[in-house]
Number of protein chains: 2
Amino acid sequence: MNNLNSTFSALADPTRRSILARLAQGESSVGELARPFDVSLPAISRHLRVLESAALIVRERRGKHRVCRLDARAMVGASLWLDFYSRFWSESFDRLDKHLKQTRQLKPGKGSSNANTKKR
Amino acid sequence: MNNLNSTFSALADPTRRSILARLAQGESSVGELARPFDVSLPAISRHLRVLESAALIVRERRGKHRVCRLDARAMVGASLWLDFYSRFWSESFDRLDKHLKQTRQLKPGKGSSNANTKKR
DNA sequence: TATTCATTTAACCGATATGTTATCTAACCT
DNA sequence: AGGTTAGATAACATATCGGTTAAATGAATA
């Protein structure tokens, strides 16, 4: 439904993330997807419904089976959202860092650098 | 706690995403953060606790106020996770596309291209 | 057509999430 | 000390989530 809402809440469940991991390697039927998990088939079926309504997978009837495929477009959307904030954050972090260096006369370099402030 | 779990479920709530949006523009006190929302202060306080335990914000007592700052490192982690799957997906999409072109002798170009298969 | 296989839907249950109001707690100000 | 301000915590109601078992659906097959 609502894009980010449903995307993030679908991704919040580890079983669903595992299912997506499996689907990243290729399409799969419901039964195959369920096998590695220790939960009932209806439970998996519901996870798949959640993933589908978050547009993270597509399902297609193929004969007696129902085949699921990953559709990562929603992930791209979520990733862009995250990137926007990360960038905003790291820029303000850089500004703060610079400000501290200026005002406190720190030696530039190792001491105040942070692995996560790299621009991407 | 568990990284992706808590990150994604913290991000699944629109109020919390709004709070993060506000914090991307700079630190803010709890009261300031609460003002634009139509919910009680305790509700906001709990949202902030969720964000803090997902390591998306840090809080610091400053006199009578408690100031919140964005910490986007967890977002970077989530974004990398998403990127991995998106890339995997678009590559296999490309393979499929190529395969179809080869086997069905489609004219390369417009017809079978898809805006979402671009490599990033 | 009856049976079987693959999966979904229904009905239910306990745990968790989100919101509310009322009650602390901690820092600041006379 | 006593009062005010800024937030957190407690106690509670309600909704949603994730799981279960039992029953229904829909396509393939004997």
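Just so you know, these numbers use all the heavy atoms, side chains as well, and skip hydrogens, waters and symmetry mates. Here is the naming used below: chain letters follow the sequence lines, and residue numbers restart at 1 for every chain.
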* Please state whether the phosphate of D:dA6, meaning OP1 or OP2, lies under 4.0 angstrom from any side-chain nitrogen or oxygen of B:Ser29. =>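 B:Ser29 to D:dA6 OP1/OP2: no side-chain N or O under 4.0 Å.
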* Asked: Under 4.0 Å: is that the gap between some side-chain N or O of B:His65 and OP1 or OP2 of D:dT5?
  ->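 No, B:His65 has no side-chain N/O under 4.0 Å of OP1/OP2 on D:dT5.
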Considering only heavy atoms from C-beta outward, does the side chain of [X] approach that of [Y] to under 4.5 Å?
X       : Y       : answer
A:Cys68 : A:Leu48 : yes
B:Glu60 : B:Arg66 : no
B:Asp83 : A:Val76 : no

Contact list (N/O, under 3.5 angstrom) for nucleotides 24-29 of chain D vs protein:
none

* salt bridge (Lys or Arg N to Asp or Glu O under 4.0 Å) pairs, two or more places apart, involving residues 45-54 of chain A ->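 Found A:Glu52-A:Arg59.
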* To do: With sequence neighbours excluded, tell me which residues meet side-chain hydrogen bond (donor to acceptor under 3.5 Å, both in side chains) with B:Arg16.
  =>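 B:Arg16: side-chain hydrogen bond (donor to acceptor under 3.5 Å, both in side chains) contacts with B:His47.
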* Can you name the side-chain hydrogen bond (donor to acceptor under 3.5 Å, both in side chains) partners of A:Asp13, sequence neighbours left out? ->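 Here no residue qualifies.
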Below 3.5 Å, can you tabulate the donor-acceptor pairs from side chains in residues 27-40 of chain A to any protein atom, sequence neighbours excluded?
unit_1  : atom_1 : unit_2  : atom_2 : d
A:Glu27 : OE2    : A:Arg62 : NH1    : 2.8
A:Ser28 : OG     : A:Glu32 : OE1    : 2.9
A:Ser29 : OG     : A:Glu32 : N      : 3.3
A:Glu32 : OE1    : A:Ser29 : N      : 3.4

* Reading DNA chain C 5' to 3', which nucleotide is the first, and which the last, to come under 4.0 Å of any heavy atom in chain A? ->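 Span of nucleotides near chain A: C:dC5 to C:dA11.
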* When you check every protein heavy atom under 4.0 Å of nucleotides 9-20 of chain D, what one-letter string (B, S, -) results, 5' to 3'? -> B-B------BBB
* Member of B:Val50, B:Leu56, B:Leu51 meeting the side chain to side chain contact (heavy atoms under 4.5 Å, CB included) criterion with B:Ile19 ->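 That would be B:Leu51; it is the only one of B:Val50, B:Leu56, B:Leu51 passing the side chain to side chain contact (heavy atoms under 4.5 Å, CB included) with B:Ile19.
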* Considering residues at least two apart in sequence or located in another chain, which fulfil the side chain to side chain contact (heavy atoms under 4.5 Å, CB included) criterion with B:Ala55? ->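 Not a single residue meets the side chain to side chain contact (heavy atoms under 4.5 Å, CB included) criterion with B:Ala55.
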* According to the ring pair (Phe, Tyr, Trp, His ring centres under 6.0 Å) rule, which pairs have a member within residues 60-85 of chain A, sequence neighbours left out? ->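 For residues 60-85 of chain A: A:Phe8-A:Trp81, A:Trp81-A:Tyr85, A:Phe84-A:Phe88.
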